[in-house]
There are 2 protein chains.
Amino acid sequence: MKHYLDQKRILNAVDCIIFGYAEDEIKLLVIQRGFEPFKGKWSLVGGFVKENESTEDAASRVLKNLTGLDGVYMEQLHTFSEPGRDTLERTISTAYFALIDIKKYKQQLSDDYNPVWFPINQTPNLIFDHHKMVELAKKKLRDKASLHPLLFELLPNKFTIPQLKNLYECLYDAEFDKGNFSRKMHSSGLLVKQKDKERHTSKKGAFYYKLNLRKYNSNLHAILNLVSKPDNLKSRKTK
Amino acid sequence: MKHYLDQKRILNAVDCIIFGYAEDEIKLLVIQRGFEPFKGKWSLVGGFVKENESTEDAASRVLKNLTGLDGVYMEQLHTFSEPGRDTLERTISTAYFALIDIKKYKQQLSDDYNPVWFPINQTPNLIFDHHKMVELAKKKLRDKASLHPLLFELLPNKFTIPQLKNLYECLYDAEFDKGNFSRKMHSSGLLVKQKDKERHTSKKGAFYYKLNLRKYNSNLHAILNLVSKPDNLKSRKTK
DNA sequence: CCAAAAGTGTTGTGATTACACCCATGT
DNA sequence: ACATGGGTGTAATCACAACACTTTTGG
């Protein structure tokens, strides 16, 4: 018969994998630690779980401290618990991934760390098993976004269909047919056409759309078969 | 700046949601506690995480203790961490779900608890938030099995296609067309036809199949579109 | 020889792809 | 006027559901 007195001290932490989207790239927010231990090393934002909060609360708190943002899309990813994963203490960390509109993000004042957005495929070396966390988060984002319309969380309120298409193309490193992509998005019923156009990236200009929030919130499984089959990919990007 | 000294004692546990399949039903293995606290109450099997093991190791250990089985299909489900979830101690529990061949299961000798298989939709009241864990596990099993061929883990080495079909029908509470089901399974390339037949449930008899293990292990995404759309369901069962 | 379940063949439908074409506009 | 990217139309193809049909064998 097991009893908790068997258990030596284990610390509980959370780490956040924060994704954003800007300049036609998906980005990851990491910090450079300004304090010991591991001063100068790159790391995900994280923190210890307090006695009276859940890991969800802890992750929200950490995220808010770093970005100033509340009510962000966040989801539990996985709990990492290898005895040697944290080289200083025995720590079990529950990882969360978050999607934010990068334009809403405002760096909070802090001397503790220096936050930087890295393109998702050019991240620096990270401490502990944080690289594993990022890889798993990327995989989960891809898997989930192929069935659920959650990439909207990365875009501003108003966006164009070519912008949306580019976002999907980044995530899957593939090209989609503009016609078919547009039809599929429209058929989801999630888009509300605006009267104005975005006129920077093309001469004709692309209409802005907003998300139909009622539909988005009620029907989180609308986008079926967007990227399910390999044949949907026209060709691997090689650039 | 946060430091681990802020953290009061939090215990780390694991709980296992163990699924089996027998008598044309999906079952859940739960225990009745033979010791205080909560003597006589139903609960998932669980245990505390030891200092030198991961939560995965802890879950495997707990599972082996209860069932005598090694190398079982197991997957991390979710970490439950609400401060009030365990009414005795502040405990964070990482839940794992496992799929076992119920015929291989042998009850291990133990006076500590009385394990019982319950049909998945007739489970007793469980302590703490274990009911939540079971519900999430059921949802995850359904979601995952619609894309990945993991239900084979619930069947014996040799099985027939009607058996497999019945398993899917149980999980989704739906009926599938035998012709289409059979074709889809064959087209996955995962089935190896045997020479003998199962002759209890029908006069004609149904051929046994074995799993193509090489393919199964290399290609964990073979079964696409088995249950993706609601239209695939002929009719809700009402029995 | 018939009932019952396994297993195969076939057809219509709807989704999807690939690609041609039209549109709006800044230079 | 023409190049450029946004946006629409459409034919061919493919996957799938539905269901009729054949097979096997115990009673």
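By convention in this document, chain letters (A, B, ...) are assigned in the order of the sequence lines, proteins followed by strands, and residues within each chain are numbered from 1.
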Checklist entry - Considering residues at least two apart in sequence or located in another chain, which fulfil the side-chain hydrogen bond (donor to acceptor under 3.5 Å, both in side chains) criterion with A:Glu153? => result A:Tyr216
Give me, pair by pair, the N or O atoms of the protein and of nucleotides 24-27 of chain D that are less than 3.5 Å apart, along with how far apart they are.
| unit_1 | atom_1 | unit_2 | atom_2 | d |
| --- | --- | --- | --- | --- |
| D:dT25 | O4' | B:Lys203 | O | 3.2 |

Checklist entry - Aromatic rings A:Phe97 and A:Tyr73: how do their planes relate, parallel, tilted or perpendicular, breaks at 30° and 60°? => result tilted
Item to check | Rounded distance (Å) that lies between atom P of C:dC23 and atom CD1 of A:Ile161 | outcome: 19 Å
Next on the checklist: Just the rounded figure in Å: distance from P of C:dG7 to CE of B:Met185.
Outcome noted: 14 Å
Checklist entry - Can you check the B:His186 NE2 to C:dA6 P distance for me, whole Å? => result 13 Å
Item to check | Identified ring-ring contact (aromatic ring centres under 6.0 Å, His included) partner of B:Phe159 from the options B:Tyr209, B:Tyr208, B:Phe152 | outcome: B:Phe152
Next on the checklist: Taking any heavy-atom pair under 4.0 Å as a contact, classify B:Thr160: base, sugar-phosphate, or nothing.
Outcome noted: nothing
Checklist entry - Run the side chain to side chain donor-acceptor pair (under 3.5 Å) check on B:Ser81 and A:Thr55 step by step: do they pass? => result CA-CA 6 Å; B:Ser81 65; A:Thr55 51; 2.9 Å; yes
Checklist entry - What is the distance from CD of B:Glu198 to P of C:dA5, rounded to the nearest Å? => result 13 Å
Checklist entry - Between OG1 of B:Thr201 and CD of B:Gln163, what distance do you get to the nearest 0.5 Å? => result 7.0 Å
Checklist entry - Given that B:Gly179 and A:Gly179 both sit by DNA chain D, which one's nearest nucleotide is further toward the 5' end? => result A:Gly179
Checklist entry - For the residue pair B:Phe80 and B:His78, does the interplanar ring angle fall in the parallel (under 30°), tilted (30 to 60°) or perpendicular (over 60°) class? => result perpendicular
Checklist outcome for this item: In whole angstroms, the gap separating P of C:dA6 from OH of B:Tyr209 amounts to 12 Å
Checklist entry - Given atom CG of A:Asp177 and atom P of D:dG7, what is their separation to the nearest angstrom? => result 14 Å
Checklist outcome for this item: Whole-Å distance, A:Phe181 CZ to C:dA18 C1', equals 17 Å
Checklist entry - Over how many whole Å does the gap from B:Phe159 atom CZ to C:dA6 atom P extend? => result 15 Å
Checklist outcome for this item: Rounded to the nearest 0.5 Å, the CD1 atom of A:Ile100 sits from the NZ atom of A:Lys27 at a distance of 12.5 Å
Contacts under 3.5 Å, N or O only, protein and nucleotides 10-13 of chain C:
none

Item to check | A:Leu28 vs A:Ile17 side-chain heavy atoms within contact, under 4.5 Å | outcome: yes
Checklist entry - Would A:Lys165 count as a cation-pi partner of A:Phe181, with NZ or CZ less than 6.0 Å from the six-membered ring centre and within 45° of the ring normal? => result no
